[in-house]
Chemist: 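Sharing a structure below in structure tokens format, with a few things to ask.
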Amino acid sequence: MSHLHPESQQGFVSLVGAGPGDPDLLTVKAVKRIRNADVIVYDRLVSQDILDLASPTAEMVYVGKQLDHHFVPQPEINQILVERAQQGKHVVRLKGGDPFIFGRGGEELQALAEHSLAYEVVPGITAAIGCTAYAGIPLTHRDHAQSVQSITGHLKQHGEDINWASLAQSNHTLVFYMGLKQCPQIRQNLLNNGLASSTPCAIIERGATPQQRVFTGTLDNLAVLAEQAESPSLIVVGSVTQLHHQLAWFGGDAAE
């Protein structure tokens, strides 16, 4: 696989993480790639402010996914990337957060590799890091959590079921992506495996954007909190979420 600069060759794909929402959190390399791209293939969670960085002549291809509705199936997204690169274009595949954290970036690179196409990865700040930081929730803290784990909220949709027993630890921070609809099952599975119903929780809606809202409560009422929130939201379980009230610095007052 070639490691040449994308501008030095024809047919190149940059897999770029757009971060959690705030365009100022883009990396310098991400901004360069977006500005110089011939084609931008982007997801629903990429803000207009970030898309506005692209050249006016760039082809913009929307392939966003929403809950229970895939606008463009994953195999078709893979084919779009392959075809545009085979046409000799510099393609930026732009994903919210980081492309390797529940972003199917690995699958897309596999499709490119199978066609011997050149690519690179430009990491982004993933939602677990960016959204919790903007909510004033440290993922680890000496007095609260010594480990953190990110979990997909698409429960048992692909592969094996989640090992809930390994997650139900009091000194652990859990971050569920794409789990808003699954909050009742998340709550019940954690309770069934011994996590206390009084365990603090938070739901961060539209984190790191001007529309951010943070809902706080306990594991016992997690499903009730979820009814107040809208997608995209991140679910955080663990005592670190208590620190939101003290450390919140971004946006308006926290929603309760």
Side-chain angles (χ1 to χ4, degrees), residues 14-37 40-56 58 60-67 92-105 120-141 148 150 152-153 173-180 201-216 225 228-236 238 240-241 243-255:
S14 298
L15 181 63
V16 178
D22 185 344
D24 287 343
L25 296 181
L26 283 170
T27 65
V28 173
K29 180 176 281 190
V31 172
K32 290 179 180 178
R33 296 300 186 260
I34 294 168
R35 285 176 172 165
N36 293 325
I40 305 282
V41 181
Y42 66 100
D43 284 346
R44 179 173 68 101
L45 298 181
V46 178
S47 71
Q48 188 60 49
D49 287 340
I50 292 175
L51 296 176
D52 287 344
L53 296 171
S55 166
M60 309 299 287
V61 182
Y62 175 67
V63 294
K65 301 180 179 68
Q66 291 179 274
L67 187 62
V92 164
R93 175 64 173 112
L94 194 56
K95 293 174 172 287
D98 180 87
F100 278 178
I101 304 295
F102 304 123
R104 300 191 177 183
E120 67 175 352
V121 181
V122 182
I125 296 175
T126 187
I129 293 174
C131 295
T132 55
Y134 271 54
I137 299 174
L139 289 174
T140 63
H141 188 288
V148 60
S150 298
T152 175
T173 301
L174 306 177
V175 183
F176 290 89
Y177 286 67
M178 305 166 289
L180 194 61
C201 299
I203 296 178
I204 307 170
E205 176 188 294
R206 301 185 186 278
T209 74
Q211 295 77 38
Q212 173 179 295
R213 295 196 298 169
V214 181
F215 302 86
T216 58
L225 294 178
Q228 304 173 51
E230 298 179 359
S231 179
S233 288
L234 199 71
I235 297 97
V236 187
V240 291
T241 60
L243 298 173
H244 162 72
H245 300 286
Q246 180 183 6
L247 304 180
W249 61 273
F250 178 77
D253 293 335

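Throughout, residue positions are numbered sequentially from 1 according to the sequence presented.
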Chemist: Say whether, by atom type as modelled, one donor and one acceptor occur between the side chain of Y177 and the main chain of A128 under 3.5 angstrom.
Modeler: yes
Chemist: Using modelled atom types and a 3.5 Å cut-off, is there a donor and acceptor pairing between side-chain atoms of H244 and backbone atoms of A135?
Modeler: yes
Chemist: Indicate whether the side chain of S233 and that of E205 have a donor and an acceptor atom separated by less than 3.5 Å.
Modeler: no
Chemist: Testing L51, V41, D43 one by one against L94 for a side chain to side chain contact (heavy atoms under 4.5 Å, CB included), which residue passes?
Modeler: L51
Chemist: Does any non-hydrogen side-chain atom of V236 lie less than 4.5 Å from one of T173?
Modeler: yes
Chemist: Is the backbone N or O of L53 less than 3.5 Å from a side-chain atom of R35, with the two atoms forming a donor-acceptor pair by type?
Modeler: no
Chemist: When rounded to the nearest 0.5 angstrom, what is the spacing between CG in L45 and OG in S231?
Modeler: 7.5 Å
Chemist: Among all residues two or more places apart in sequence or in another chain, which pass the salt bridge (charged side-chain N to carboxylate O under 4.0 Å, His left out) test with D22?
Modeler: none
Chemist: Check K95 against P99 and note the closest heavy-atom contact, atom names and distance.
Modeler: CD-CB, 3.6 Å
Chemist: Give a yes or no answer on whether the side chain of Q228 reaches the backbone of F215 with a donor-acceptor pair at less than 3.5 Å.
Modeler: no
Chemist: Donor-acceptor check, side chain of T209 to backbone of G21, threshold 3.5 angstrom: yes or no?
Modeler: no
Chemist: Please find the pair of heavy atoms, one from L234 and one from C131, that lie closest to each other, and give the distance.
Modeler: CD2-CB, 4.0 Å
Chemist: Nearest 0.5 angstrom please: I203 CD1 to T241 OG1, how far?
Modeler: 11.0 Å
Chemist: Verify side chain to side chain contact (heavy atoms under 4.5 Å, CB included) between F102 and T126, making sure each step is shown before the conclusion.
Modeler: CA-CA 10 Å; F102 304 123; T126 187; over 6 Å; no
Chemist: I'd like to know whether CD of Q246 has more than 12 heavy-atom contacts from other residues, nucleotides or ligands below 6.0 angstrom.
Modeler: no
Chemist: Which atom names give the shortest non-hydrogen contact between M60 and A54, and what distance separates them?
Modeler: SD-CB, 4.1 Å
Chemist: Distance from I101 atom CD1 to T152 atom OG1, nearest 0.5 Å?
Modeler: 11.5 Å
Chemist: Hey, which of T216, I235, I137 is the one that makes side chain to side chain contact (heavy atoms under 4.5 Å, CB included) with I204?
Modeler: I137
Chemist: Nearest heavy-atom pair of T132 and I129: which atoms, and what distance?
Modeler: OG1-O, 3.3 Å
Chemist: Is the backbone N or O of A30 less than 3.5 Å from a side-chain atom of T27, with the two atoms forming a donor-acceptor pair by type?
Modeler: yes
Chemist: Working to the nearest 0.5 angstrom, can you tell me the gap between Q211 CD and E230 CD?
Modeler: 11.0 Å
Chemist: Closest heavy-atom contact between A37 and A58?
Modeler: O-CB, 3.6 Å
Chemist: Can you see which heavy atom on G124 is nearest to which on D98, and at what distance?
Modeler: N-OD1, 3.0 Å
Chemist: Enter the distance from Y134:OH to L25:CG here, rounded to the nearest 0.5 Å.
Modeler: 4.0 Å
